[in-house]
Amino acid sequence: MKNVMLRATRTFIEDLCAPEYAHNHLAVEISHPDGFTDAQELSIRVYSSEYRLLGCDTRSLKGKRPRKVRFDILSEEEWEAGLYRIYVYRNGRPVGWTLLELYSGYECWDKTEVEDFQTRPEEKYFAETFCFLPLFSWMHQEQCDSNLIRQFLETLYALDSHQLAVPHLLVSGNQARKYAARLLALHFCEKQTALCSHFSLQELLEGSLQWKVLQEKMDTRKVVLVEVPYKEYTRQESNLLDLLGNLMEQKVSSGPIFIFYGTMDSTYQLRRCSTAMSRIFTEENTIYTPDKTETDDPGEAFPVDDLPLPFDEEKPLLHTEDNPLPEDGTPSDAEQALQEMVGLTRLKEDLQEARMMAAFMKRRMELGLDTELDNRHHMLFLGNPGTGKTTVAKLIGQLYHQMGLLSSGHTIETCRTKLVGEYIGETEKHIRQTIEEARGGVLFIDEAYTLITTKEETKDFGKEVIHALLTVLSEPNPDMIIILAGYEDKMQQMLRTNPGLQERFPLQFYFDDYNADELMEMAHRLLQKRNFQLTPEADKELYALITEATTQRDEYFGNGRWLHNLIEQGIIKCMAQRIMSQPSIPDNTFLFRTITQEDVVKAGNRLRGKQVVKLEPQPIRRIGFRA
């Protein structure tokens with residue numbers, strides 16, 4: 001970005017609506033003498049010199065060509081004097097960066113020039129890829145210092161840009177085991193522990209690990225983690241190391257990534273005693289870990305075989321070696337499940353169109369026709385309760401994972417009560433943990449409009465959730481889809497509280513209410529699955545009951561949820577009372593599976609006798625970040 005200047009100042013902005021904790025403001029302006037052409041959106045991300053994300057902001061420029069654009073970065077931390085890393089994005093893609101030194105006081109501007117990435121391609125790699133990797137978040141959880149983060153950044157950049165002749169890594173130091181297994185192995189096996197193998201060189205040298213077994217692991221694994229013990233190697237053992245090194249070099253294009261780890265002394269001995277190992281592990285692919293501090297647990301270790309990693313191992317990995325993606329053009333389980341859902345004709349058509357568009361743009365990028373791909377697919381699900389929004393959200397994760405747009409495809413369901421804390425700082429912790437859990441999949445927030453309160457309370461932190469989501473919503477390739485769901489009218493009210501919020505959700509899907517025929521089909525499916533059957537009279541009575549309910553429906557009608565409760569808590573309960581109140585109960589399967597007209601009539605009378613308490617919606621107040 002030539003001729004682009006950036007200036008910043010620490011300031012107080014009294015009229016800027018922000019979360020209570022974000023009372024430290026940094027105003028940033030970028031300017032270009034000819035204006036920002038071909039830019040529909042400009043955004044910046046501000047990091048500390050230690051690579052901690054301090055804030056980001058986005059501005060929509062549709063139909064405009066301004067020469068100066070201002071951003072407001074809000075942080076709970078004080079903007080102290082020192083160096084800050086600022087990355088500039090145009091239409092979601094990084095176009096420049098700068099190191100800004102804040103040394104002036106409040107309301108005084110510090111100025112610098114925005115540089116392009118020609119001389120510092122690793123900075124573009126950081127802004128485009130590295131800062132969005134789960135690995136980067138895990139490094140902050142492990143409280144890694146800037147030197148170690150820089151080593152990881154430069155090493156992964158060298159790997160991805162094919163600058164390393166041999167793509168194997170050596171991790172050296174007192175904490176080598178921790179970072180090799182918990183960070184690098186986790187990163188390269190893409191959260192699938194079945195794709196990672198772990199052994200010690202001692203096993204190979206003493207013969208307990210056979211070469212044939214090692215060869216099988218190299219053919220079936222994506223990552224091979226190797227512990228390097230400290231020892232004096234014999235000539236025969238040095239020859240075995242050379243043999244292993246030659247095999248690793250031969251398998252560069254088709255084999256796994258080898259990650260060796262050990263102390264400084266043990267890795268020094270490895271390279272000194274083996275010509276092949278010294279040739280493979282140069283300074284370019286060696287990472288040196290810092291010494292353990294006094295607060296570290298000296299006994300910290302984890303089982304070699306179990307390889308516990310910092311992610312939820314119970315989270316389903318949708319496609320592994322045992323459950324691969326279909327390659328023969330047959331519909332996936334998720335696609336089939338979506339098509340088999342009752343009703344939702346408009347949703348299925350709109351969703352198919354969105355997926356075709358996403359696949360089309362992805363293919364254009366792979367062919368080199370479009371380098372400005374914006375891989376954001378955040379969605380709004382609009383509709384009444386019981387119309388299948390949660391079910392479809394789970395299928396979205398699987399469908400977009402199959403398309404290669406999500407790395408995992410799992411779904412994290414949450415709502416206001418799970419996200420909003422009672423005290424300052426608690427909400428921020430909840431939302432950050434939830435975002436990290438949802439990386440690679442879908443974050444589904446039901447009744448999202450409740451995040452914006454109807455009361456002017458200073459201790460309501462719902463808007464902090466919206467503010468925290470801005471970080472993900474501004475990422476060009478977040479490896480996550482955020483889905484906000486709720487009533488259409490209330491969701492539209494929520495969007496109107498913030499001019500830029502709607503633009504960050506380009507996909508809106510409508511979930512239509514089910515009609516009587518569709519609910520009747522759902523009832524037949526549910527009863528058949530539970531091994532129940534309706535008599536002809538009961539079937540007619542149930543259809544009449546459903547028709548009555550759909551005719552009198554209001555905005556609080558529960559659709560599929562209402563039907564499920566009618567059957568499970570109404571009809572089946574009435575059937576159980578009828579059968580179990582008989583003086584003698586025969587062991588008759590027909591009796592225990594047949595629903596009579598009496599059961600349906602009784603359940604309908606109970607349903608009509610219930611009174612529904614309706615909560616009147618209140619006006620929603622304006623909040624937020626600006627576009």
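The first residue of the sequence shown is numbered 1, and numbering continues consecutively from there.
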Notebook entry, point to check: Of all residues at least two apart in sequence or in a different chain, which pass the side-chain hydrogen bond (donor to acceptor under 3.5 Å, both in side chains) check with R52?
Noted result: E77
Next item on the list: Could you note down all residue pairs passing ring-ring contact (aromatic ring centres under 6.0 Å, His included) where residues 230-255 supplies at least one of them, sequence neighbours left out?
Entry: none
Notebook entry, point to check: By side-chain contact (heavy atoms from CB on, under 4.5 Å), which residues pair with D219, not counting sequence neighbours?
Noted result: Q215, K251
Note to self: The criterion is ring pair (Phe, Tyr, Trp, His ring centres under 6.0 Å); which residues satisfy it with F281, sequence neighbours excluded?
What the structure shows: F260
Notebook entry, point to check: For F126, what residues pass the ring pair (Phe, Tyr, Trp, His ring centres under 6.0 Å) criterion, not counting sequence neighbours?
Noted result: Y47, Y51, Y87, F136
Item checked: By side-chain contact (heavy atoms from CB on, under 4.5 Å) - contacts of E206 (at least two apart) -> Q202, S208
Note to self: Under a 4.0 Å threshold between the charged nitrogen and the carboxylate oxygen, would E115 count as salt-bridged to K124?
What the structure shows: no
Next item on the list: For Q250, enumerate each residue passing the side-chain hydrogen bond (donor to acceptor under 3.5 Å, both in side chains) test, keeping only those at least two apart in sequence or located in another chain.
Entry: none
Item checked: Qualifying residues under salt bridge (charged side-chain N to carboxylate O under 4.0 Å, His left out), relative to E353, sequence neighbours excluded -> none
Next item on the list: Return the minimal non-hydrogen interatomic distance between H198 and V226, and the atom names on each side.
Entry: CD2-N, 4.5 Å
Notebook entry, point to check: If you measure only the distance, is there a donor-acceptor pair under 3.5 Å linking the side chains of Y261 and Q175?
Noted result: no
Checklist line | Donor on one side chain, acceptor on other, R272 and Q269, under 3.5 Å | finding: yes
Notebook entry, point to check: Does the side chain of S48 come under 3.5 Å of the side chain of E50 through a donor N or O and an acceptor N or O?
Noted result: no
Next item on the list: Dump the intermediate steps for side chain to side chain donor-acceptor pair (under 3.5 Å) on Q236 and T234, then the final yes or no.
Entry: CA-CA 5 Å; Q236 181 181 4; T234 65; 5.3 Å; no
Note to self: Strictly below 4.0 Å, N to O, side chains only: are E216 and R221 in salt-bridge contact?
What the structure shows: no
Item checked: side-chain contact (heavy atoms from CB on, under 4.5 Å) against L526, all qualifying residues, sequence neighbours excluded -> R530, H564, I567, E568
Margin query: Please find the pair of heavy atoms, one from L225 and one from C196, that lie closest to each other, and give the distance.
Written below: CB-SG, 4.5 Å
Notebook entry, point to check: Looking just at side-chain N and O atoms, do S407 and D479 make a donor-acceptor pair shorter than 3.5 Å?
Noted result: yes
Check: With a 4.0 Å cut-off, would you call R120 and E122 a salt bridge?
Finding: yes
Item checked: Residue list, ring pair (Phe, Tyr, Trp, His ring centres under 6.0 Å) with Y89, at least two apart or on another chain -> none
Note to self: For E335 and Q339, which I'm curious about, is there any donor-acceptor pair between the side chains at under 3.5 Å?
What the structure shows: yes
Note to self: Between E41 and R93, does any NZ, NE, NH1 or NH2 come within less than 4.0 Å of an OD or OE carboxylate oxygen?
What the structure shows: no
Note to self: For Y179, give me all partners under ring pair (Phe, Tyr, Trp, His ring centres under 6.0 Å), at least two apart in sequence or on another chain.
What the structure shows: none
Notebook entry, point to check: With sequence neighbours left out, what residues match T263 under side-chain contact (heavy atoms from CB on, under 4.5 Å)?
Noted result: D265, S266
Next item on the list: Check T434, V442, I445 against I412 for a side chain to side chain contact (heavy atoms under 4.5 Å, CB included) and give me the one that passes.
Entry: T434
Check: So K348 and E340, salt bridge (Lys or Arg N to Asp or Glu O under 4.0 Å) or not? Walk me through it.
Finding: CA-CA 10 Å; K348 294 173 184 177; E340 290 179 353; over 6 Å; no
